[in-house]
Protein chains: 2
Amino acid sequence: MNGSGVRGTVTMHDVAARAGVSIKTVSNVVNDYPHIRPATRAKVQAAIDELGYRMNLSARSLRQGRTGIIGLALPELSLPYFAELADSVIRAAEARGVVVLIEQTSADRQHELDVLTSDRRQLTDGLIFSPLELGPDDADALKVDYPLVVLGERIFGGDWDHVTMNNVDAARAATQHLIDQGRRRIAVIGAHAGETMGSAALRVLGYQAALAANGIPFDPDLVVEGGLWHRATGTDCTNRVLDSGVKVDAIFGLNDALALGALHALHAREVSVPDEIAVIGFDDIEDAAYATPTLSSISPGREEIATMAVDLLLARIAGEETPYRRVITDFEVVPRESTAA
Amino acid sequence: MNGSGVRGTVTMHDVAARAGVSIKTVSNVVNDYPHIRPATRAKVQAAIDELGYRMNLSARSLRQGRTGIIGLALPELSLPYFAELADSVIRAAEARGVVVLIEQTSADRQHELDVLTSDRRQLTDGLIFSPLELGPDDADALKVDYPLVVLGERIFGGDWDHVTMNNVDAARAATQHLIDQGRRRIAVIGAHAGETMGSAALRVLGYQAALAANGIPFDPDLVVEGGLWHRATGTDCTNRVLDSGVKVDAIFGLNDALALGALHALHAREVSVPDEIAVIGFDDIEDAAYATPTLSSISPGREEIATMAVDLLLARIAGEETPYRRVITDFEVVPRESTAA
DNA sequence: GGTAGGCTTTACATCGTTGCAAAGATGCGC
DNA sequence: GCGCATCTTTGCAACGATGTAAAGCCTACC
């Protein structure tokens with residue numbers, strides 16, 4: 001029955017008594033302090049094993065001012081891209097000995113602001129933050145006094161590290177891919193009117209750049225507004241643009257959910273993909289490879305984003321004082337059936 | 001500049017000094033102790049606001065023996081069902097003032113065992129555990145000394161609360177739905193040989209029960225083994241059963257990912273769904289509604305599962321001593337195009 | 001044999017908060 | 001106006017760990 005009834009009852013004090021050493025020596029053993037006589041270490045270790053001692057992490061946190069927990073704030077896990085991102089972040093964190101507390105912002109501006117000042121920030125050593133709604137005007141809110149890594153390009157030039165992909169170039173590449181298949185009437189769905197720095201705006205910029213580079217005139221009727229980047233929005237945008245009567249031979253979904261929604265709408269309307277309309281998405285979520293037809297997309301290097309974000313954050317937490325960095329990850333066009341020749 | 005440069009510098013002590021009261025009174029205000037004179041409360045609150053005080057949660061945890069964090073152990077977030085479940089659990093937890101630490105087990109038995117005894121259990125007040133690989137033989141490992149809620153029916157009768165759906169009945173209903181559409185050669189994909197109590201086994205039981213109830217002979221060739229319930233497995237199982245030459249007019253995927261993989265395989269083989277082969281899944285993930293064709297499924301009451309699990313766990317954490325409970329949630333057949341008449 | 005210097009171990013204070021129990025203030029009934 | 005009950009506020013110890021600095025122990029070398 002190794003001495004303890006109630007959970008967490010065994011403390012360093014008990015171990016020390018059992019091993020016949022001071023409590024500090026137990027602490028030293030547990031923390032791999034190098035100057036310990038092997039015999040002592042063995043004694044202590046034996047006591048630890050016999051008593052089933054586990055360190056009280058709250059006490060350690062109090063003493064050290066660190067919790068070993070990092071926060072991850074994202075819109076919601078039901079969006080596959082963010083679920084996959086969270087998966088990668090958790091794995092990267094685990095490999096480095098820290099755990100992840102996830103907070104969902106529901107893509108709500110106030111909720112995103114709240115997350116930055118929430119009580120829970122006391123519980124985490126730092127935050128990886130993927131905002132959707134905050135814009136340049138909110139830069140002040142991001143001036144926080146704890147380590148922060150921001151994902152996505154939305155907000156520039158602040159005192160924090162940044163991990164992002166090159167949205168403009170990636171969108172240009174996606175568009176170019178469609179053009180290479182002979183498409184010229186390319187609708188883009190999920191645009192956000194009035195936005196200048198968000199992913200939506202940047203991706204539309206890339207789209208326009210590709211058109212320009214190929215001498216294709218830009219037709220504003222092909223840019224379809226859409227709020228949240230859910231499948232339902234993609235379906236809706238697609239129906240709207242097709243109902244409007246403009247000619248369309250390809251659709252660029254600003255993310256995969258939108259593009260999958262588009263496939264859904266096209267299927268319902270019995271429009272063949274890619275023969276009549278080609279479709280490409282963005283993010284390369286797992287769904288894309290299993291959609292019918294399989295969906296071409298842009299792979300943003302999710303693993304790399306997650307790993308970089310965790311590494312940057314942990315470096316700040318460890319006290320690194322280097323200038324704030326902006327990391328741009330690689331992307332790749334992943335052609336599949338939905339844009340086949 | 002409200003007095004503090006470094007993060008976390010403001011303590012109750014500072015607030016007390018500023019407000020001219022004792023530190024304990026500050027604590028009382030913060031914790032909504034009822035017997036405080038309004039004037040005192042106001043003074044303290046003002047000091048808190050002026051100094052920007054935030055409670056140190058590590059200290060509170062150390063003192064109270066509670067962290068306000070609950071653990072959620074699941075196979076992986078990239079599986080949409082679990083991402084959606086995590087979403088629901090986080091929302092339910094947030095509504096009750098606690099936060100969620102997610103651990104991924106990768107559907108690996110050793111990893112599932114590790115999670116139960118990990119150091120991180122010191123950091124959480126209790127655990128919601130969704131095992132995939134543990135079986136009845138591992139019941140001992142689940143005899144832990146902290147509050148535990150197990151999701152899924154895999155392991156029976158231990159000292160822990162249980163939230164599950166009725167897998168047998170739900171699978172029977174899914175199969176019956178196919179039979180009602182006139183199908184008689186129903187393949188079931190994703191079975192686990194040798195398993196007796198897992199979701200796979202229970203769902204196959206339900207499948208058999210439905211066949212029996214309708215006087216359809218059971219053909220073992222229609223039960224297709226498959227390990228992890230990923231889309232790729234569904235594709236693979238489907239190809240195997242079709243290549244084997246047995247006649248098939250419907251496929252029951254033991255979860256939606258398998259069924260989506262099946263749709264993918266059928267599309268590639270140019271088999272029309274539902275005309276030649278109808279398909280039904282299980283879990284009703286968001287994908288199902290947007291697949292091509294849209295996928296019929298079983299909705300397991302995910303919200304309800306999450307809410308019940310959180311409530312049961314919090315009750316245990318609060319010290320409830322009632323007998324361990326087994327909660328069975330409702331399910332619903334959601335018919336869509338893939339099984340349309 | 002003595003001592004400098006490195007290796008081990010230790011005592012003590014401390015991190016910020018809350019439970020306890022008691023002290024001080026207030027109000028009510030007679 | 002007094003005494004008792006109730007409301008408010010307080011001081012102190014404790015939660016379990018670690019940093020600091022010093023004490024004890026050895027070894028090696030003169």
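In what follows, chains carry the letters A, B, and so on, assigned in the order in which the sequence lines appear, proteins first and then strands, with residues in each chain numbered from 1.
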Between C:dC7, D:dG16, D:dT9, which one does the side chain of A:H35 approach most closely?
C:dC7
Length of the line joining B:D14:CG and C:dC15:P, which is rounded to integer Å:
11 Å
If only atom types and distance count, is the side chain of A:D108 paired as donor or acceptor with the main-chain N or O of A:T105 below 3.5 Å?
no
Taken to the nearest whole Å, CG/A:L62 to C1'/C:dT14 is 9 Å
Without decimals, in angstroms, what is the distance between B:H13 NE2 and C:dT18 C1'?
16 Å
Within 45 degrees of the ring normal and closer than 6.0 Å to the centroid, is that where the cationic atom of B:R41 sits relative to B:Y33?
no
Hey, does A:V30 reach any base, or is it just sugar-phosphate, or nothing, if we go heavy atoms under 4.0 Å?
nothing
Grab the NZ-P distance between B:K24 and D:dA14 for me, whole Å please.
16 Å
Would you kindly give the CG-to-C1' distance between B:L123 and D:dG16, to the nearest whole Å?
15 Å
What's the closest nucleotide to the side chain of A:T11 if the choices are C:dT17, D:dA17, D:dT10?
D:dA17
For B:S88 against B:E303, the heavy-atom pair lying closest together
OG-OE2, 3.4 Å
Listed nucleotide nearest any side-chain atom of B:N31, set C:dT18, D:dG16, C:dT8
C:dT18
For A:G20 and B:I23, take the nucleotide of DNA chain C holding the closest heavy atom to each; which residue's nucleotide lies nearer the 5' end?
A:G20
Note down the inter-axis angle between the two ends of the helix from C:dG1-D:dC30 to C:dC30-D:dG1, five pairs each, to the nearest 10°.
40°
Presence of B:T25 side-chain N/O under 4.0 Å of D:dT9 phosphate oxygens OP1/OP2
no
Separation between CD of A:Q104 and NE2 of A:H111, rounded to the nearest 0.5 Å
8.5 Å
Among C:dT26, C:dT17, D:dT10, the nucleotide that comes nearest once only the side chain of B:R37 is considered:
C:dT26
Regarding B:I36, tell me which of base, sugar-phosphate or nothing describes its non-hydrogen contacts under 4.0 Å with the strands shown.
sugar-phosphate
B:V310 and side chain to side chain contact (heavy atoms under 4.5 Å, CB included): which partner among B:V149, B:V89, B:L72?
B:V89
Among C:dT10, D:dA17, C:dG16, which nucleotide has an atom closest to any side-chain atom of A:M55?
D:dA17
Tell me whether the OP1 or OP2 atom of C:dT18 has a side-chain N or O from B:S27 closer than 4.0 Å.
yes
Minimal heavy-atom distance between A:L148 and A:W160, with the atoms involved, is O-CB, 3.7 Å
Just the rounded figure in Å: distance from P of D:dG16 to CZ of B:R60.
18 Å
Which one, D:dA17, C:dT17, D:dT9, comes nearest to the side chain of A:M12?
D:dA17
Would you kindly give the CG-to-C1' distance between A:N56 and C:dC15, to the nearest whole Å?
13 Å
Between the base of C:dT14 and the side chain of A:R63, is there a donor and acceptor pair under 3.5 angstrom?
yes
Taking the basic N atoms (NZ, or NE/NH1/NH2) and the acidic carboxylate oxygens, is any pair closer than 4.0 Å for B:R302 and B:D87?
no
Would you indicate which nucleotide in C:dT8, D:dA17, C:dG16 comes nearest to any side-chain atom of A:Y33?
C:dT8
Using whole Å, what does the distance between atom C1' of nucleotide D:dA17 and atom CZ of A:R66 come to?
15 Å
With B:R316 as reference, evaluate B:D161, B:D125, B:D311 under the salt bridge (Lys or Arg N to Asp or Glu O under 4.0 Å) test and give the passing residue.
B:D161
For A:T40, which contact category applies under a 4.0 Å heavy-atom criterion: base, sugar-phosphate, or nothing?
sugar-phosphate
For B:P38 and B:Q64, find the nucleotide of DNA chain D closest to each by heavy atoms; which residue's nucleotide sits nearer the 5' end?
B:P38
